[in-house]
Amino acid sequence: MTTAACSSDCAWLAAVERRVGPALAAKVRHSAEVIADTLCSYGANQLAFSFNGGKDAVVVLHLLNTLLRHIASGGVHQLTAVYFDGHDEFPEVTQFIDLCELRYGLRVIRVGAGIKQGLAEVLAVHPFQAIFLGTRRTDPHGANLGDFALTDPGWPRLMRIFPIIDWGYHDVWDFMQAENVPYCSLYDAGYTSIGSQSDTVPNPLLVHRNEDGTETVLPACMLKDGSQERCGRDHVKRLQALTTCHHL
């Protein structure tokens, strides 16, 4: 892949920038530059993508797919996605991953082991040099990350790339809506951060009680305070703690 081919200054990016505000446009351009630099440095065949079916991962997938179609020389490269299956996944998530596999032409490697062991198993067969992730700065362990970071000591050695590390919650939704990016149906049912079935519920802040006593659950894109994104998972932890205290 040539340097010219790796340039992120292309027509599709200019079109995106016209559809979103200037602040998000700057973040989209930076993300595109991070992805383009990575493609130029490693080559598409040496890269993988950690995909859990969540909204942040979908944004990275969409950016990756679009950039590969517009700037990769020698034809379209198939993206390799690594899915760490925790065996307690929502069926809506696994169905969405299957949909993305077809829509984006992904090669999905499904790993049943834990992330650390699973990554070692994947690299033993597919020796990738770098992996894209959809981590953002407000995620657990994301506060001190940059665009690029080697895996931590004791982990399989791999360069991690975080193209949307500085995107906010509403940036993600604004981009997906502007670009008509598909997403898992759970988000329309009030889930704002999706983990496993045992530790995730719809965000309580999106559950509204009507005058007749019924409840309406708003979609994830309508969460006003992005800092409360993980409230549906923290809520489960609080309930579990209360249950534990009750039995002490």
Would you name the heavy atoms of [X] and [Y] that are closest together and state the gap between them?
X    : Y    : result
W167 : S31  : NE1-OG, 2.9 Å
R233 : S193 : NH1-OG, 3.0 Å
D174 : L24  : CB-CD2, 3.8 Å
G118 : F84  : C-CE2, 4.0 Å
V58  : G53  : CG2-O, 4.1 Å
Y169 : G226 : CB-CA, 3.8 Å

Would F96 and Y183 count as a ring pair (Phe, Tyr, Trp, His ring centres under 6.0 Å) if you check the C-alpha gap in whole Å, the side-chain angles of each, and the deciding distance to 0.1 Å? CA-CA 7 Å; F96 179 67; Y183 55 84; 7.8 Å; no

Got more than 12 heavy atoms from elsewhere within 6.0 Å of CG, N144? no

Spacing of [X] atom [atom1] and [Y] atom [atom2] [to the nearest 0.5 Å]:
X    : Y    : atom1 : atom2 : value
I161 : D37  : CD1   : CG    : 11.0 Å
C221 : L223 : SG    : CG    : 9.5 Å
Y83  : I97  : OH    : CD1   : 4.0 Å
H62  : E179 : NE2   : CD    : 5.0 Å
L99  : Y104 : CG    : OH    : 8.5 Å
N45  : T80  : CG    : OG1   : 8.0 Å

Has the side chain of [X] got a donor or acceptor atom that lies under 3.5 Å from a matching backbone atom of [Y]?
X    : Y    : answer
D139 : R136 : yes
H87  : G112 : yes
K116 : G154 : yes
Q197 : E89  : yes
T200 : G195 : yes
R160 : L150 : yes
T94  : P91  : yes
T151 : L158 : yes

For salt bridge (Lys or Arg N to Asp or Glu O under 4.0 Å), just list the numbers for D85 and R110, CA-CA rounded to whole Å, side-chain angles, deciding distance to a tenth of an Å, and then say yes or no. CA-CA 7 Å; D85 186 352; R110 291 170 171 81; over 6 Å; no

Under a 3.5 Å threshold, yes or no: a donor from one side chain and an acceptor from the other, between [X] and [Y]?
X    : Y    : answer
S185 : D188 : no
D166 : H30  : no
N210 : T214 : yes

Verify salt bridge (Lys or Arg N to Asp or Glu O under 4.0 Å) between K55 and E229, making sure each step is shown before the conclusion. CA-CA 12 Å; K55 63 186 181 308; E229 172 183 1; 2.7 Å; yes

With a 6.0 Å cut-off on ring centres, are F51 and F132 close enough? no

Residues D147, K27; criterion salt bridge (Lys or Arg N to Asp or Glu O under 4.0 Å); working and verdict: CA-CA 12 Å; D147 296 327; K27 292 179 181 180; over 6 Å; no

